[in-house]
2 protein chains.
Amino acid sequence: MPGHRSIAEAEKLAAAKLGGFPLRRDQMAAVANIHRAASAVRQHLENSVLRGADLTWTAFVVLWVVWVWGESETRHVAEEAGLSKGTLTGVSRTLERRGLIRRSSHPSDGRLVLLSLTDEGEALMRQVFPAFNDEEAFVTERLTAGECRGLAETLRQVVLQVEEHGEERRLALLDGAAPARRRSGRRPKS
Amino acid sequence: MPGHRSIAEAEKLAAAKLGGFPLRRDQMAAVANIHRAASAVRQHLENSVLRGADLTWTAFVVLWVVWVWGESETRHVAEEAGLSKGTLTGVSRTLERRGLIRRSSHPSDGRLVLLSLTDEGEALMRQVFPAFNDEEAFVTERLTAGECRGLAETLRQVVLQVEEHGEERRLALLDGAAPARRRSGRRPKS
DNA sequence: TCCGTACACTTTGATTCCGAACGACACCCG
DNA sequence: CGGGTGTCGTTCGGAATCAAAGTGTACGGA
């Protein structure tokens, strides 16, 4: 019982749950659908083009970033791909093991690590990307090009809002309270 | 160097990379921004309201689904939350350990497992959800209510397209070829 | 030159995640 | 009522995930 139908119903149920609480329905539906769409698109892409190339979503994104930007420092790749540095370390090592990516150290700054595609990685992207773009077109088939532009623009507003005011908002919400440790994560050596 | 600025530039670089290949830019930007927005929103929510309650995004989604739908079979919860059955097993067990969820077996069908919130889980949701909804409003602050509705509607078209034609499309793309095993995953016992 | 601070990547620990294999149960049909 | 067929949740293997701790390099000032 997938998708859009349940949203409306879930909203009603949630509203009932919350009684008189002033629920922001439109905003809730928008956010919920962003995640529904993202997950549906990702799953479709993984199970169509990516699966055949034996790439995960993340692996593809990393390859794509390095491909279009050329040899890059890992921190920029992580930023652009939307991963933590720690995750990128693992992913790029997997990619290196598979011979798709090369890791080299910066000639003058020993702290930096540069990522670049191997010939094999380059060849793979040249083959996979067109198919990927075809599926992007497929999933947006019900929208006109103009609607796609509008959608991108609207989503950009959301991204900007979080990027420009998210930090400040989080601080305000915490209001001096302890930053709340995560359940997982490394513990002190002691 | 975040976000929207790099998209335009990345597109140009990608177009150059692909030479004369007919690149669907608008569709590409739309899909890319869906994921950018989803990840930005998720991160903001995790680091604001969820962190304090010591919940991961996934844990919250599962609680939310069970909360609004009431006691439910795990397969429905997995579907609604957008997870595989296997993942839900692990997540619901974590939630059970923390005393937020109850797992009971179906009275007449021994295969089914039913999930429901404990009193503690119920109390937690009553406390966390309003804050969550506030942040949904925050991230969409630059949009009017009408734009939110439009956004939700547009995204719904994407979800519907994948849900209604994705399977068929994937089959057409494979065209009889072997379904391509995943690198990971359980191996036969032999 | 030595020191302290700042930065950049890696390691670590606890989870989450997927999909295929698996085992238990349900149901149809003879 | 016994077997085949199918459905459900669970287990498993490999990978991805984050945040914080740790390691190592860079660089400015004393």
Side-chain angles (χ1 to χ4, degrees), chain A residues 39 42-47 50-51 54-62 72-79 81-98 103-115 178-190, chain B residues 39 42-47 50-51 54-62 72-79 81-98 103-115 178-190:
Chain A
S39 134
R42 174 173 171 164
Q43 214 166 336
H44 174 73
L45 270 289
E46 281 180 337
N47 290 332
L50 263 28
R51 200 63 177 284
D54 196 21
L55 292 173
T56 62
W57 175 267
T58 307
F60 175 79
V61 172
V62 169
S72 314
E73 304 167 18
T74 60
R75 70 206 148 116
H76 295 324
V77 176
E79 163 73 26
L83 318 164
S84 71
K85 306 179 290 172
T87 300
L88 181 59
T89 296
V91 173
S92 64
R93 252 204 309 247
T94 303
L95 257 16
E96 191 182 32
R97 242 189 300 132
R98 291 194 46 198
R103 302 148 108 334
S104 42
S105 48
H106 193 282
S108 69
D109 189 335
R111 294 169 301 179
L112 302 178
V113 172
L114 299 172
L115 300 182
R181 276 196 59 85
R182 227 172 180 256
R183 189 169 281 283
S184 68
R186 194 170 187 169
R187 293 299 127 96
K189 189 192 274 179
S190 67
Chain B
S39 134
R42 174 171 170 163
Q43 213 164 336
H44 174 74
L45 270 290
E46 281 181 334
N47 289 331
L50 262 30
R51 199 65 175 283
D54 195 22
L55 291 173
T56 63
W57 175 268
T58 307
F60 174 78
V61 172
V62 169
S72 314
E73 304 166 19
T74 61
R75 70 203 149 119
H76 294 326
V77 176
E79 162 75 25
L83 314 165
S84 71
K85 309 180 290 172
T87 300
L88 181 59
T89 296
V91 173
S92 64
R93 253 204 308 245
T94 302
L95 257 15
E96 190 182 33
R97 244 189 297 133
R98 291 193 46 199
R103 301 148 78 48
S104 42
S105 48
H106 193 281
S108 70
D109 189 335
R111 294 168 301 178
L112 303 179
V113 171
L114 299 172
L115 300 182
R181 273 195 60 85
R182 227 172 182 258
R183 187 170 285 281
S184 67
R186 193 170 187 169
R187 295 297 129 98
K189 189 191 277 181
S190 65

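Just so you know, these numbers use all the heavy atoms, side chains as well, and skip hydrogens, waters and symmetry mates. All chains are named by letter (A, B, ...) in the order of the sequence lines, taking the proteins before the strands, and each is independently numbered beginning at 1.
- Residue contacts for B:Ser105: at a heavy-atom cut-off of 4.0 Å it reaches no nucleic acid atom on any strand shown.
- Taking 4.0 angstrom as the limit, A:Asn47 places a side-chain polar atom (N or O) nearer than this to OP1 or OP2 of C:dG19.
- The NE2-C1' distance, from A:His44 to C:dC18, rounds to 18 Å in whole Å.
- Between A:Thr94 and A:Arg97 there is a side-chain heavy-atom pair separated by less than 4.5 Å.
- The interatomic distance linking A:His106 (NE2) with D:dA26 (C1') rounds to 12 Å, in whole Å.
- Looking at heavy-atom distances under 4.0 Å, A:Ser108 makes contact with sugar-phosphate atoms alone, never a base.
- Of the residues near DNA chain D, A:Gly82 and A:Gly110, the one whose nearest nucleotide (by heavy atom distance) lies more toward the 5' end is A:Gly82.
- In this structure, the CG atom of A:Asp54 is 13 Å from the P atom of C:dA20, given to the nearest Å.
- Looking at B:His106 and B:Arg111, their side chains never come closer than 4.5 Å, going by heavy atoms from C-beta outward.
- When rounded to the nearest whole Å, the span between CZ of B:Arg42 and P of D:dT17 equals 9 Å.
- Under the 4.5 Å side-chain criterion, counting only non-hydrogen atoms from C-beta, B:Lys85 is not in contact with B:Thr89.
- For the pair A:Arg51 and C:dA20, the criterion of a side-chain N or O lying under 4.0 Å from OP1 or OP2 is met.
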Given protein heavy atoms under 4.0 Å, the one-letter contact record of nucleotides 7-15 of chain D, with B base, S sugar-phosphate only and - none, is simply BSBBBBBBS
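- Between B:Glu73 and B:Asp109, the closest side-chain pair of non-hydrogen atoms is not below 4.5 Å.
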